[in-house]
Novice: 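Supplied in structure tokens, the structure appears directly below.
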Amino acid sequence: MYRQVDDFLKEWAVAVKGTLQVLQAVTDDKLGQSILEGHSTLGWLGWHLVETTGYFSHLAGLTVPMIGQDEPVPATAREIVAAYEKAAEAVKEEVAKLSNEDLLTETGLESLATKGALLRFLIDHQTHHRGQMMVLLRQAGLPVPPVMGPTKEMQ
């Protein structure tokens with residue numbers, strides 16, 4: 001849980017940088033890559049990150065662009081990257097307007113009781129799906145970026 005706005009903003013910058021590295025590694029021809037038929041694809045996961053950035057921000061009372069759950073995954077990886085960049089920047093701008101006291105404001109959600117807890121979950125959720133995407137990048141034969149340390153491609 002975050003209690004200091006600056007702490008979130010510092011971690012958000014690192015998380016966004018890593019997520020962008022992964023999203024930018026996806027190519028249009030591999031958007032449909034999944035671990036098994038019928039499972040989440042690279043395209044779906046990337047679009048899900050855009051969708052949930054807006055959704056969780058909305059739950060925290062932030063004004064961040066949201067996409068509907070029924071909106072289809074874009075046809076190009078670049079569209080996903082652009083949408084994520086826009087949403088991530090909006091999160092940064094909106095959180096910068098908050099006070100440290102705002103992070104302790106109740107959300108009305110049982111498991112994510114405060115804005116600070118919800119923002120922690122936003123980063124954790126993003127990291128979880130980013131990891132899934134990194135596995136799919138490797139499976140697709142695409143280079144895996146060194147988000148949290150060296151990867152095979154750096155050897």
Side-chain angles (χ1 to χ4, degrees), residues 1-26 31 33-36 38-74 77-139 142 144-151:
M1 177 175 111
Y2 292 101
R3 289 183 166 81
Q4 301 287 316
V5 169
D6 194 50
D7 289 344
F8 172 80
L9 292 173
K10 287 176 184 171
E11 285 194 32
W12 184 243
V14 172
V16 167
K17 180 181 175 189
T19 299
L20 281 171
Q21 286 178 297
V22 171
L23 290 172
Q24 291 165 343
V26 179
L31 285 171
Q33 179 70 46
S34 66
I35 198 151
L36 291 170
H39 284 258
S40 301
T41 65
L42 275 170
W44 184 89
L45 286 164
W47 196 233
H48 179 67
L49 290 175
V50 175
E51 174 193 12
T52 55
T53 296
Y55 177 70
F56 291 128
S57 297
H58 171 75
L59 291 177
L62 307 177
T63 305
V64 172
M66 286 182 55
I67 58 170
Q69 287 182 323
D70 57 345
E71 287 192 41
V73 174
R78 181 68 199 132
E79 290 174 84
I80 296 170
V81 169
Y84 177 78
E85 288 173 325
K86 182 178 177 181
E89 182 63 24
V91 169
K92 180 178 101 175
E93 291 172 4
E94 286 291 302
V95 171
K97 296 175 189 176
L98 298 176
S99 69
N100 292 334
E101 293 77 29
D102 290 333
L103 296 179
L104 302 176
T105 303
E106 296 290 323
T107 62
L109 303 170
E110 245 180 75
S111 61
L112 301 168
T114 64
K115 286 184 183 186
L118 198 86
L119 292 172
R120 174 77 257 163
F121 185 77
L122 170 62
I123 289 180
D124 290 345
H125 178 263
Q126 179 175 265
T127 302
H128 164 71
H129 288 305
R130 186 174 69 208
Q132 290 177 316
M133 291 182 75
M134 292 172 82
V135 170
L136 293 177
L137 287 173
R138 172 79 25 85
Q139 186 179 354
L142 296 171
V144 176
V147 174
M148 304 285 294
T151 62

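This structure is a prediction, so every number in the text was calculated from the model and none was measured. Quick note: residue numbers are just sequence positions, from 1.
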Novice: Within the supplied structure, the quantity of interest is the number of heavy atoms (other residues, nucleotides, ligands) at a distance under 6.0 Å from Ile35 CD1; does it exceed 12?
Specialist: no

Novice: Within the side chain of Arg130, is there an N or O that forms a donor-acceptor pair under 3.5 Å with the backbone of Gln21?
Specialist: no

Novice: State the CG-NZ distance between Leu109 and Lys115, to the nearest 0.5 angstrom.
Specialist: 12.0 Å

Novice: Under a 3.5 Å threshold, yes or no: a donor from one side chain and an acceptor from the other, between Ser99 and Asp102?
Specialist: yes

Novice: Using 0.5 Å steps for rounding, measure from the OG1 atom of Thr53 to the CE atom of Met66.
Specialist: 11.0 Å

Novice: Rounded to the nearest 0.5 Å, what separation is found between the CD atom of Glu93 and the CG atom of Leu9?
Specialist: 11.0 Å

Novice: Could you report the tightest heavy-atom contact between Val144 and Leu137, atom names first, then the distance?
Specialist: CG2-CB, 4.1 Å

Novice: Measure the spacing between CD of Glu94 and OG of Ser57 and express it to the nearest 0.5 Å.
Specialist: 8.5 Å

Novice: What is the distance from atom CG of Leu119 to atom CD of Glu11, rounded to the nearest 0.5 Å?
Specialist: 11.0 Å

Novice: Should Asp7 and Arg3 count as an ion pair when the cut-off is N to O under 4.0 Å?
Specialist: no

Novice: Answer whether the closest heavy-atom distance between the side chains of Tyr2 and Ile123 falls below 4.5 Å.
Specialist: yes

Novice: Check Thr114 against Leu104 and note the closest heavy-atom contact, atom names and distance.
Specialist: CG2-O, 3.6 Å

Novice: When the ring planes of His129 and His125 are compared, do they come out parallel, tilted or perpendicular, using 30° and 60° as the limits?
Specialist: perpendicular

Novice: Checking Trp12 side chain against Ala88 main chain: does a donor-acceptor pair fall under 3.5 Å?
Specialist: yes

Novice: Which heavy atom of Thr52 sits nearest to which heavy atom of Leu122, and what is that distance?
Specialist: O-CD1, 4.1 Å

